[in-house]
Amino acid sequence: MCQFRGKLELEGLKKMNEQQIQQFNHDLLDWFHRKGRKLPWRKTDNPYYIWISEVMLQQTQVNTVIPYYDQFIKKFPTPEALADAPEQEVLKSWEGLGYYSRARNLQKGVREMVASYNGELPKNKSELMSLTGVGPYTASALMSMAYHEPEPAIDGNLMRVLSRVFLIDDDIAKQKTRKKFEKLASDLIVQTEPAYFNQALMDLGAMVCRRKLPTVRSAHSTAIVALMKKGCSWNIRSRAAKQSQERFIMRC
DNA sequence: CTCCTGTGTT
DNA sequence: AACACAGGAG
């Protein structure tokens, strides 16, 4: 059982005390272990494979990615195999996924990794970000998924879920807002197995706490509802300023 | 921070 | 046609 250590002093968080925050982590992980998705790239601890999956997932839904991922790692089982392959071969394996420049960037990044890091992914965020195609999101995802570092992977999913749970109203398109979520998520993740934390928020965002139709149906067993039952309100919205018609608050 | 890109939605 | 989105890059 985890213990809350951070100091959370965020707007929109007034209603949450430490015990509730701890409860959030517990419910989140509990939900994830029961309902979370078993995905091919979650079975491996090969950073190179995890990298491939993260790049593919940036632009495509999970179900579409699965066969591409399986095929891709079979065809390019090692960084060296991908680095040595002709670009055309790589693009052929990517055919149908779209955003082909990301396939090119992935190969370029892997070539840099082979040339500069002996074919191994560096273990810190700034070195990861020096690789072509690896930005803040992918670097954080790799730190948590591959190296079990408490680094929250801030993407739209994570911000949407946390904004609803913690009643954060800010426009998630703004960079200032991103900082805020970074702070909140960093404090939350320290009491969690980092990979599970990110994966759980990802699954929650994709399966329950979705962009559209944030339905509460079938939700008796979700972490969100557990929170609502404890007196927290759930502000359903995706972006701040606009779309105020979409905005309503439920209290249980 | 702003801009860029390909893609999907209205 | 216009805009939203989701990341990375500069």
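We name chains A, B, ... by the order of the sequence lines, and we start the count at 1 in each one.
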Flag the pair Tyr68(A) / Trp94(A) as yes when their ring centroid distance falls below 6.0 Å, and as no otherwise.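 No - the distance between ring centres of Tyr68(A) and Trp94(A) does not fall below the 6.0 Å cut-off.
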
Below 4.0 angstrom from OP1 or OP2 of dG6(B), is there any side-chain N or O of Gln59(A)?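 False: Gln59(A) side-chain N/O out of range (4.0 Å or more) of dG6(B) OP1/OP2.
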
Presence of Thr138(A) side-chain N/O under 4.0 Å of dG8(C) phosphate oxygens OP1/OP2: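 So the side-chain polar atoms of Thr138(A) do come within 4.0 Å of the phosphate oxygens OP1 or OP2 of dG8(C), strictly under.
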
Does Arg178(A) make a cation-pi contact with Phe181(A) (under 6.0 Å, within 45 degrees of the axis)?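 No cation-pi geometry.
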
Measure [atom1]/[X] against [atom2]/[N] and give the value in whole Å, please.
X         : N      : atom1 : atom2 : answer
Leu97(A)  : dG7(C) : CG    : P     : 15 Å
Asn105(A) : dA9(C) : CG    : P     : 6 Å
Leu106(A) : dG7(C) : CG    : C1'   : 14 Å
Asp155(A) : dC5(C) : CG    : P     : 14 Å
Phe181(A) : dA6(C) : CZ    : P     : 13 Å
Leu128(A) : dG8(C) : CG    : C1'   : 14 Å
Arg160(A) : dA4(C) : CZ    : C1'   : 14 Å
Leu158(A) : dA6(C) : CG    : C1'   : 14 Å

Any salt bridge (Lys or Arg N to Asp or Glu O under 4.0 Å) involving residues 108-136 of chain A? Give me the pairs, sequence neighbours left out, ordered by first then second residue.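 Sorted pair list: Lys125(A)-Glu151(A).
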
With a 4.0 Å cut-off on heavy atoms, is Lys179(A) in touch with a base, just the backbone sugar-phosphate, or nothing at all?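 Here Lys179(A) touches no strand at all.
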
Looking only at the side chain of [X] (C-beta and beyond, no hydrogens), which of the listed nucleotides [options] gets closest?
X         : options                : answer
Arg102(A) : dA6(C), dT7(B), dA9(C) : dA6(C)
Thr132(A) : dT7(B), dG8(C), dA9(C) : dA9(C)
Tyr99(A)  : dA9(C), dT7(B), dG7(C) : dT7(B)

So if I apply the side chain to side chain contact (heavy atoms under 4.5 Å, CB included) rule between Ser93(A) and each of Gln88(A), Lys74(A), Lys75(A), which one comes out positive?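 Of Gln88(A), Lys74(A), Lys75(A), side chain to side chain contact (heavy atoms under 4.5 Å, CB included) with Ser93(A) is met by Lys75(A) alone.
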
Apply the side chain to side chain contact (heavy atoms under 4.5 Å, CB included) test between Leu82(A) and each candidate in Gln107(A), Met113(A), Glu89(A); give the one that qualifies.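 Only one option passes, and that is Gln107(A).
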
